[in-house]
Amino acid sequence: MFGGEGRPFRRLSTRYETPGAIGSGSGAELIGTVAELLPAGDKVADRLGGSILPQFAWADGVSSWLSDAYRSGMCYNFIFSALAVIFGVLYLPLGLMEQKWVFASIELLLLAMIVFVTFIGGRLAWHRRWFETRRVAEYLRHSPSLLLLGVARPTGRWPRGKDKEWPEHFARHCLREVGLPRVRIDRRYLRDVLERVVLSHVRSQRAYHLAKAKRLASVHHRVDRVAEKCFLLAILSVSLYLASSAGAALGLLPANWPEAGAKLFTFLGVAFPTLGASLSGIRFFGDFERFAAISRVTAEKLGEVEKRITLVLSGNGDSLGYACAAELVHTLDEIVVDEIESWQAVFGAKHIALPA
């Protein structure tokens, strides 16, 4: 609704590739490129298609589902809390005093749903499992660039989770299972790997982060504007009631107007601030602006790596050696890890909880 993509009520369901389909789907081009770069009989391309890519598809799909469940759960909690307050006083403008129990029952149901979502989210560890599976997915996403050049992050320099380190152990074992390619590393091989694998990956990730930053910034500003309008409408409704009361007292308006509109203005004076506070809570919880900033910084770093690779490839080849290529891939690896640590630091303490 707030993403600024032109279709506010579009379907939000996403279909992810299954582990068994990625090798013949989005990963087919990468596997074909790796097979062309390596000598006949080398098994690295087959292992990428049979191990790394399926494991990535599994981790990416599970992480995305957990992320949606966790974030949607908190958003539902904020929305349900606002609706509970609104339904709790809705009987006033409708003049249904004798049916107040119906509205109280709806309010109780909404409060119970908040408790249920919070309990399920904590019980199923949506937050922790999202963090862990996302780390696995991002490690494996850029692993082909590391494997083709035999580049590895030292064990002591891998990120460490707050409680669990299995994602890092799992990713390292996946890379060890594939092994190193049996290939002669010369300038031609280095150029092909940088141009056809690394550069392609850098460009796609940079485009993703630029689009993500733009979308999140739009969400932040639009949610903020709607919340502000809710508070302005609350001020307007209270001001109108006071104006009608003053007008009636001065004889400028019918004497029964303030009493006739009191319940409606009371409802509006409660509903608008409640909606505004709920939207502000979603904006604070989602931290869209900070996530947009993280993606912008990541895109800028990837842009610098893209420029460096393009500059190296545009030369006569004398400046392209293994040390140069390995340093570029190490830089890419550092960017990936920095981005993971940045957004997990933001959401690390934001466990699913009651919107109190």
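Count residues from 1 along the sequence. Quick caveat, the model's predicted, so the values are computed rather than measured.
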**Student:** Does Ser143 use its side chain to pair, donor to acceptor, with the backbone of Leu140 at less than 3.5 Å?
**Tutor:**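 Answer holds: yes.
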**Student:** What's the spacing between Lys212 NZ and Leu210 CG if we round to 0.5 Å?
**Tutor:** 12.0 Å
**Student:** Please answer whether the main-chain N or O of Arg182 pairs with a side-chain N or O of Asp42 as donor and acceptor at a distance below 3.5 Å.
**Tutor:** yes
**Student:** Look at the aromatic rings of Phe78 and Phe285 and report parallel, tilted or perpendicular, splitting at 30° and 60°.
**Tutor:** tilted
**Student:** Can you name the closest pair of heavy atoms from Leu149 and Tyr322 and give their distance?
**Tutor:** O-OH, 2.5 Å
**Student:** Keeping the roles fixed (side chain from Gln344, backbone from Phe131), state whether a donor-acceptor pair exists under 3.5 Å.
**Tutor:**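 Judged by distance alone, yes, a pair lies under 3.5 Å.
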**Student:** Donor-acceptor pair, distance only, cut-off 3.5 Å: does the side chain of Ser200 make one with the backbone of Val197?
**Tutor:** no
**Student:** Go through it in stages, so that I can follow the logic: the residues are Trp65 and Trp58, the test is ring pair (Phe, Tyr, Trp, His ring centres under 6.0 Å), and I'd like the CA-CA distance, side-chain angles, deciding distance and then a yes or no.
**Tutor:** CA-CA 11 Å; Trp65 187 91; Trp58 166 82; over 10 Å; no
**Student:** Before you tell me yes or no, could you show the steps for Arg134 and Ser64 under side-chain hydrogen bond (donor to acceptor under 3.5 Å, both in side chains), namely the whole-Å CA-CA distance, both residues' side-chain angles and the distance that decides it to 0.1 Å?
**Tutor:** CA-CA 8 Å; Arg134 179 46 56 192; Ser64 297; 3.3 Å; yes
**Student:** Which heavy atom of Phe231 sits nearest to which heavy atom of Gly276, and what is that distance?
**Tutor:** CE1-C, 3.6 Å
**Student:** Take Ile86 and Val270 through the test side chain to side chain contact (heavy atoms under 4.5 Å, CB included) and record every step on the way to the result.
**Tutor:** CA-CA 7 Å; Ile86 291 172; Val270 171; over 6 Å; no
**Student:** Which distance, rounded to the nearest 0.5 Å, do you find between the CG of Leu83 and the CD1 of Ile106?
**Tutor:** 10.5 Å
**Student:** Does His201 offer a backbone N or O that forms a donor-acceptor pair with the side chain of Ser204 under 3.5 Å?
**Tutor:**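 It does hold such a pair.
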**Student:** Side chain of Arg203, backbone of Glu306: donor and acceptor closer than 3.5 Å?
**Tutor:**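 Checking the backbone N and O of Glu306 against the side chain of Arg203, no donor-acceptor pair under 3.5 Å is found.
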**Student:** Are the side chains of Glu339 and Ile294 in touch, meaning some heavy atoms are under 4.5 Å apart?
**Tutor:** yes
**Student:** Heavy atoms only: give me the nearest Trp130-Arg71 pair and the separation to one decimal.
**Tutor:**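 Taking Trp130 first and Arg71 second, the nearest heavy atoms are CZ2-NH2, 3.4 Å.
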**Student:** Checking Thr331 against Glu327 for the side-chain hydrogen bond (donor to acceptor under 3.5 Å, both in side chains) test, could you report, in this order, the C-alpha distance in whole Å, the side-chain angles of both residues, the deciding distance, and whether it holds?
**Tutor:** CA-CA 6 Å; Thr331 302; Glu327 193 271 334; 3.2 Å; yes
**Student:** To the nearest 0.5 Å, what is the distance between CG (Leu108) and CZ (Phe87)?
**Tutor:** 14.0 Å
**Student:** What closest approach, in Å, do Val117 and Trp126 show between heavy atoms, and which atom pair accounts for it?
**Tutor:** O-CZ3, 4.3 Å
**Student:** List, one per line, each side-chain donor-acceptor pair under 3.5 Å for residues 89-97, sequence neighbours excluded.
**Tutor:**
none

**Student:** Under 3.5 Å, is there a donor-acceptor pair between the side chain of Ser278 and the main chain of Thr274?
**Tutor:** no
**Student:** Taking Ser314 for the side chain and Leu311 for the main chain, is one N or O donor matched with an acceptor at less than 3.5 Å?
**Tutor:** yes
**Student:** With side chain to side chain contact (heavy atoms under 4.5 Å, CB included) as the criterion, how do Leu148 and Val198 come out once you've worked through the C-alpha distance, each side chain's angles and the decisive distance to 0.1 Å?
**Tutor:** CA-CA 10 Å; Leu148 290 176; Val198 181; over 6 Å; no
**Student:** So which atom in Pro273 and which in Leu268 form the shortest heavy-atom distance, rounded to 0.1 Å?
**Tutor:** CD-O, 3.9 Å
**Student:** Could you give me the CA-CA distance, side-chain angles and deciding distance for His220 and Asp287, then say whether side chain to side chain contact (heavy atoms under 4.5 Å, CB included) is met?
**Tutor:** CA-CA 8 Å; His220 173 83; Asp287 228 337; over 6 Å; no
**Student:** Among Leu146, Ile309, Leu302, which residue meets the side-chain contact (heavy atoms from CB on, under 4.5 Å) test with Leu332?
**Tutor:** Leu302
**Student:** Answer yes or no: is there an ion pair linking Lys307 with Glu304, defined by an N-O contact shorter than 4.0 Å?
**Tutor:** yes
**Student:** Once you round to the nearest 0.5 Å, how far does OG of Ser51 lie from NE2 of His173?
**Tutor:** 12.5 Å
**Student:** Do the side chains of Leu199 and Tyr208 join up, straight or via other hydrophobic residues, at under 4.5 Å, putting them in one cluster?
**Tutor:** no
**Student:** Could you walk me through whether Glu132 and Trp166 pass side chain to side chain contact (heavy atoms under 4.5 Å, CB included), step by step?
**Tutor:** CA-CA 8 Å; Glu132 294 168 358; Trp166 74 261; 2.9 Å; yes
**Student:** Which heavy-atom pair separates Gly49 from Ile31 by the least distance, and what is that distance?
**Tutor:**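 Scanning both residues completely, I find the closest heavy atoms to be CA-CD1, 3.4 Å.
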**Student:** Once the angle between the rings of Phe80 and Tyr76 is folded into 0 to 90°, is it parallel (under 30°), tilted (30 to 60°) or perpendicular (over 60°)?
**Tutor:** parallel
**Student:** So, are Glu138 and Arg141 salt-bridged, with charged N and O less than 4.0 Å apart?
**Tutor:** yes
**Student:** Rounded to the nearest 0.5 Å, what separates atom CG in Leu48 from atom OG1 in Thr33?
**Tutor:** 11.0 Å
**Student:** Under 4.5 Å between any side-chain heavy atoms of Glu107 and Leu111, yes or no?
**Tutor:** yes
**Student:** Say whether, by atom type as modelled, one donor and one acceptor occur between the side chain of Arg135 and the main chain of Ile340 under 3.5 angstrom.
**Tutor:**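 Not a single qualifying donor-acceptor pair exists.
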**Student:** Quick check against the 3.5 Å criterion: does Thr266 have a side-chain atom that pairs as donor or acceptor with the backbone of Ala262?
**Tutor:**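 Here the side-chain-to-backbone pair exists.
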**Student:** So, Arg153 and Glu168, do they make that salt bridge, N to O below 4.0 Å?
**Tutor:**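 No.
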**Student:** With the threshold set at 4.0 Å, does a side-chain nitrogen-carboxylate oxygen contact exist between Lys301 and Glu334?
**Tutor:**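 No, this pair does not count.
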**Student:** Nearest 0.5 Å, please: how far is CG in Asn77 from OG1 in Thr118?
**Tutor:** 4.0 Å
**Student:** Are Phe291 and Phe347, when compared by the centres of their aromatic rings, separated by less than 6.0 Å?
**Tutor:**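 Judged by ring-centre distance (under 6.0 Å), Phe291 and Phe347 do meet the cut-off.
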